[in-house]
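What follows is a single structure, written as structure tokens, with notes after it.
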Amino acid sequence: MNGILIIAHAPLASALRQCALHVFPDAGSALVALDVEAQTAPEETLEQARKLLQQLGMPQTLVLADLFGATPSNVAAKLVDGINSRLLTGVNLPMLMRAISYRHESLESLASRAMMGATQGVVSVAATAPQNQSRRTSHDQDQHDHQQ
């Protein structure tokens with residue numbers, strides 16, 4: 001089984017972990033989060049991340065960071081080795097849910113599935129009229145714009 005480490009600007013990492021544990025309460029031992037505070041030096045954040053990896057105690061780890069080029073991502077890049085750990089940036093909840101669902105697969109497969117989850121989780125939803133209300137058309141001249 002693979003471990004998952006989320007590194008993101010505070011409080012995003014912890015918030016994502018809490019959301020994931022709401023759906024997958026049994027994943028707590030395989031999922032850790034590191035919130036990067038603005039005033040924390042990158043070297044200190046890297047040391048915290050190394051400790052979290054040791055705590056996970058997993059043979060392989062998928063590291064998820066929030067924004068490519070920002071401090072969490074830069075720290076994570078120093079942390080991963082490409083063999084026992086992989087880094088994906090742009091973490092979102094669909095990516096994390098997919099990663100948790102497939103954490104038992106190979107690290108390469110897990111990273112691929114997580115990427116698919118991230119992109120497939122972004123969906124454009126067509127606008128519809130609120131329930132029990134019809135849309136107004138441009139020729140509804142006698143309609144008032146306020147509701148009571």
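Keep in mind the model is a prediction, meaning the values are calculated, not measured.
Tracing side-chain contacts under 4.5 Å through hydrophobic residues (I, L, V, M, F, W, Y), one reaches Val63 starting from Leu56; they form part of the same cluster.
Interatomic distance, CZ of Arg103 versus OG of Ser109, reported as 14.0 Å (0.5 Å rounding). The distance from the CD1 atom of Ile7 to the CG atom of Asp66 is 9.5 Å, given to the nearest 0.5 Å. One finds the OG atom of Ser85 at 14.0 Å from the CE atom of Met58 (value rounded to the nearest 0.5 Å). Expressed to the nearest 0.5 Å, how far OG1 of Thr89 lies from CG of Asn74 amounts to 10.5 Å. From Gln48, atom CD reaches atom CD of Gln55 across 11.0 Å, with rounding to the nearest 0.5 Å. If you take CG on Leu34 and CG on Leu53, they are separated by 10.0 Å, rounding to the nearest 0.5 Å.
The salt bridge (charged side-chain N to carboxylate O under 4.0 Å, His left out) test applied to Glu47 returns no partner, not counting sequence neighbours. Applying the salt bridge (charged side-chain N to carboxylate O under 4.0 Å, His left out) rule to Arg98 yields no partners; only residues at least two apart in sequence or on another chain are considered.
Asn2 places a side-chain N or O within donor-acceptor distance of the main-chain N or O of Glu105, the cut-off being under 3.5 Å. The closest donor-acceptor contact from the side chain of Ser73 to the backbone of Ala70 lies at 3.5 Å or more, if one exists at all.
Counting all heavy atoms, side chain and backbone alike, Ala33 lies closest to Ser14 at CB-N, 3.9 Å. The two atoms that bring His9 and Asp35 nearest to each other are O-OD1, 4.2 Å, heavy atoms only. Closest of all the heavy-atom pairs between Val75 and Pro42 is CG2-O, 3.8 Å. Across all their heavy atoms, Ala99 and Ala114 have their closest contact at CB-CB, 4.2 Å. Summarising the geometry of Leu87 relative to Ala76, their closest heavy-atom pair is CD1-CB, 3.6 Å, with the distance given to 0.1 Å. Of all non-hydrogen atoms in Arg17 and Gly28, the two that sit nearest each other are NH2-O, 3.1 Å.
Put simply, the side chain of Gln60 does not reach to within 4.5 Å of the side chain of Met1, judged on heavy atoms. Val80 places none of its side-chain heavy atoms less than 4.5 Å from the side chain of Arg86.
More than 12 heavy atoms of other residues, nucleotides or ligands sit less than 6.0 Å from atom NE2 of His104.
Residue Ile4 belongs to a hydrophobic cluster whose other members are Ile6, Leu12, Leu16, Leu21, Val23, Phe24, Leu31, Leu62, Leu64, Leu88, Val91, Leu93, Met95, Leu96, Met97, Ile100, Tyr102, Leu107, Leu110, Met115, with links defined by side-chain heavy atoms closer than 4.5 Å.
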